[in-house]
Participant: 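For reference, the structure I am asking about is given below.
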Amino acid sequence: MKEKFYITTAIPYCSGKPHIGNTYEVILTDAIARYKRQRGYDVFFLTGTDEHGLKIENAAKEKGITPKQYVDEVCDRVKGIWKLVGASYDKFIRTTDAYHEEAVKGIFKRLLDQGDIYKGEYEGWYCVPDESFFTDTQVTDGKCPDCGRPVQRAKEEAYFFRMSKYADRLLKHIEDNPEFIEPEARAKEMINNFIKPGLQDLCVTRSSFTWGVPVPGDEKHVIYVWIDALSNYITAMGYSVDEKGELYSKYWPCDVHVIGKDIVRFHTIYWPILLMALGEPLPKKIYGHGWMNFGVDKMSKSRGNVMYADDLVNYFGVDGVRYYALSEMPYSADGSITYDALIGKYNTDLANNLGNLVSRTVAMNKKYFEGVVPQPGEEQGPDAELKAAVLEAIAGVDKGMEGYHVADAVGCVFDMLRRANKYIDETTPWVLAKTEEGRVRLKTVIYNLLESIRVGACLLIPFIPETAEKILSALSTDNRRLEFGGLESGITLGELAPLFARIDEAKMMERIAADREAAFPTAKAEEKQEEAKAEEEEKEYEALAPQITFDEFLKPDLRVAKVLDCVAVPKSKKLLKLQLDLGFDKRQVLSGIAKFYKPEELIGRKVIMVANLAPRMMNGEESNGMVLATGEKDVRVLFAADDAVIGDRVC
Ligand code: MSP
């Protein structure tokens with residue numbers, strides 16, 4: 001019998017069209033689900049939409065429609081986008097589905113009856129957009145600790161969940177199961193910031209709005225959106241307190257919940273405690289991925305920098321978008337998406353590396369062997385190295401995917417494809433074709449290339465399935481075994497459908513700019529107005545940040561560092577890549593100062609850097625710290641004196 005594998009995404013709020021950040025999560029989960037299916041698992045992949053709450057109630061009111069009409073519309077758009085990016089889910093749950101609402105009521109009632117939930121009064125700081133209450137200690141300067149927006153004082157009769165009762169069990173579970181929360185740093189954050197300081201009872205109902213699942217027997221309250229939403233992972237499988245259902249019995253506990261870093265707390269604290277109270281097993285793993293930002297900025301409608309998957313698929317095709325998302329997003333840190341970077345990766349990896357390799361090889365096989373796969377002969381020269389690269393790619397994909405290092409897994413395949421391109425340069429098939437003896441060797445060369453492509457395509461099925469299928473169909477083979485030598489000699493290749501046509505960067509950027517101008521005309525006009533205003537006025541100073549204590553001031557670790565090397569980042573107009581010497585460590589840092597400095601102006605100088613900033617990816621490169629600079633129109637780096645000691649702290 002096949003081993004089961006149950007995987008879920010978070011269910012996005014049905015408050016608007018999902019952007020590429022939310023969509024990245026479903027692409028990532030889909031790649032893992034496809035990989036597991038390919039490796040023989042009986043996979044169940046669940047996704048859906050989170051459809052209750054004040055934000056949705058308000059959005060519907062604004063549009064003059066009922067909340068249900070509103071979520072029906074948005075849910076259709078979510079499903080449309082999921083389909084467009086090839087999400088191969090087995091079930092789509094909506095939290096307004098009747099079976100789900102009934103099951104949530106049952107869960108609430110059971111917890112109330114057994115005393116885990118009790119009725120009390122809540123007074124605290126309330127964040128309207130997040131629908132969350134916070135305590136005095138959580139709120140600084142009247143701002144929500146989760147989203148930074150203003151909170152207001154509010155009081156209401158409410159039901160509470162006795163979280164503290166389960167805190168010790170939860171802590172022990174997290175400490176005893178290091179694989180429970182990934183990446184590891186997120187587990188530490190949960191323990192140190194939330195569990196160890198003491199879990200407070202959680203307010204699990206709201207009475208300030210009505211769009212939610214009503215509390216059974218006390219209908220002026222609705223059940224807190226997170227209790228409702230988290231339960232989706234079990235109700236979708238047929239769970240209710242009275243009957244567990246077949247799917248639930250087969251697939252629960254979940255093998256992995258794939259979610260974003262901002263909701264790790266809900267999934268690693270509230271969710272396990274809810275399950276403990278229900279007496280159900282806990283999920284095996286929660287993987288909290290980083291965020292996809294627009295360049296270095298958070299994607300948001302108000303900033304006018306939102307990217308949507310349907311637009312991107314229009315420009316780059318579904319596999320162009322999937323490839324970027326899967327190969328560019330790091331395991332733990334945030335990643336970035338920009339149009340330049342998309343075009344760059346598309347041309348370098350998909351059009352040049354993969355596309356050219358396949359089209360050249362298929363064309364050579366047609367020209368030299370009338371499209372028939374030749375019989376390979378004796379191994380010579382770089383053959384062994386190519387085979388080793390193929391086997392390494394197979395192992396690398398397994399290692400990467402099993403550890404959720406998806407970008408590393410994709411990278412292994414593209415490394416192998418690069419090796420195969422090099423093999424063409426080394427073996428020069430066009431020279432071999434000229435002599436009788438050469439043509440004998442040519443058979444092996446072409447076979448090895450076709451076979452590397454076959455294995456490569458099989459390995460790419462989870463990531464870029466459409467392209468992988470096109471390649472396999474051109475190879476006319478059903479052999480999907482991951483081994484070297486599986487391609488059948490003697491078969492005739494089929495036609496190769498076009499893969500990735502090179503993108504003309506300038507033309508594409510023009511097209512994108514025109515589309516964005518049409519989509520966000522006001523954003524553009526406002527931008528121009530802002531610029532004009534800034535020029536007119538004397539320099540306006542940014543408001544001072546809130547006061548901090550001396551201890552808080554010491555948190556950023558500022559150090560003197562020497563610039564050992566500095567180069568421009570290809571395909572970026574803004575970034576310079578600096579190699580910095582801290583004395584006790586060497587760091588690579590990317591800095592958006594390319595317009596203001598030539599690399600040679602920085603080499604040898606001493607700068608001040610933030611040395612304890614979490615690493616992040618920028619344009620496909622890791623940046624490990626930040627160089628201090630000031631100015632807007634003319635940015636100046638804050639240099640340290642020539643005789644400053646490398647590695648010294650600055651304060
Ligand atoms: N409705 C809740 C989830 C409930 S799960 C029981 C929610 N919805 S959301 O729409 O805000 O986010 C859905 C998922 O998308 C979350 O995992 C969130 O972290 C993720 N992302 C939101 N913006 C993102 C990026 N910019 N990049 C990557 N993931 C992003 O939270």
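Note that ligands are numbered from 1 as they come in the structure, with each ligand's atoms numbered from 1 the same way. Source: prediction; values computed, not measured. Along the sequence shown, residues carry numbers from 1.
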Participant: Report yes or no: is the cationic atom of Lys17 (NZ for Lys, CZ for Arg) under 6.0 Å from the centre of the six-membered ring of Tyr308, at an angle within 45° of the ring normal?
Facilitator: yes
Participant: Which protein residues have a heavy atom under 4.0 Å from ligand 1?
Facilitator: Ala10, Ile11, Pro12, Tyr13, His19, Gly21, Asn22, Tyr24, Glu25, Asp50, Trp226, Ala229, Leu230, Asn232, Tyr233, Ile259, Gly260, Asp262, Ile263, His267, His289, Gly290, Trp291, Met292
Participant: Taking NZ, NE, NH1 and NH2 as the nitrogens, is one of them in Arg110 or Asp242 under 4.0 Å from a carboxylate oxygen of the other?
Facilitator: no
Participant: Students often mix this up, so state it plainly: with edges at 30° and 60°, are the rings of Tyr331 and Tyr287 parallel, tilted or perpendicular?
Facilitator: parallel
Participant: Hey, what's the ring geometry for His173 with Phe180, parallel, tilted or perpendicular (30° and 60° as the breaks)?
Facilitator: perpendicular
Participant: So, Glu466 and Arg322, do they make that salt bridge, N to O below 4.0 Å?
Facilitator: no
Participant: For Glu219, I'd like to know if atom CD has over 12 heavy atoms of other residues, nucleotides or ligands within 6.0 Å.
Facilitator: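 Enclosed: over 12 neighbouring heavy atoms sit under 6.0 Å from CD of Glu219.
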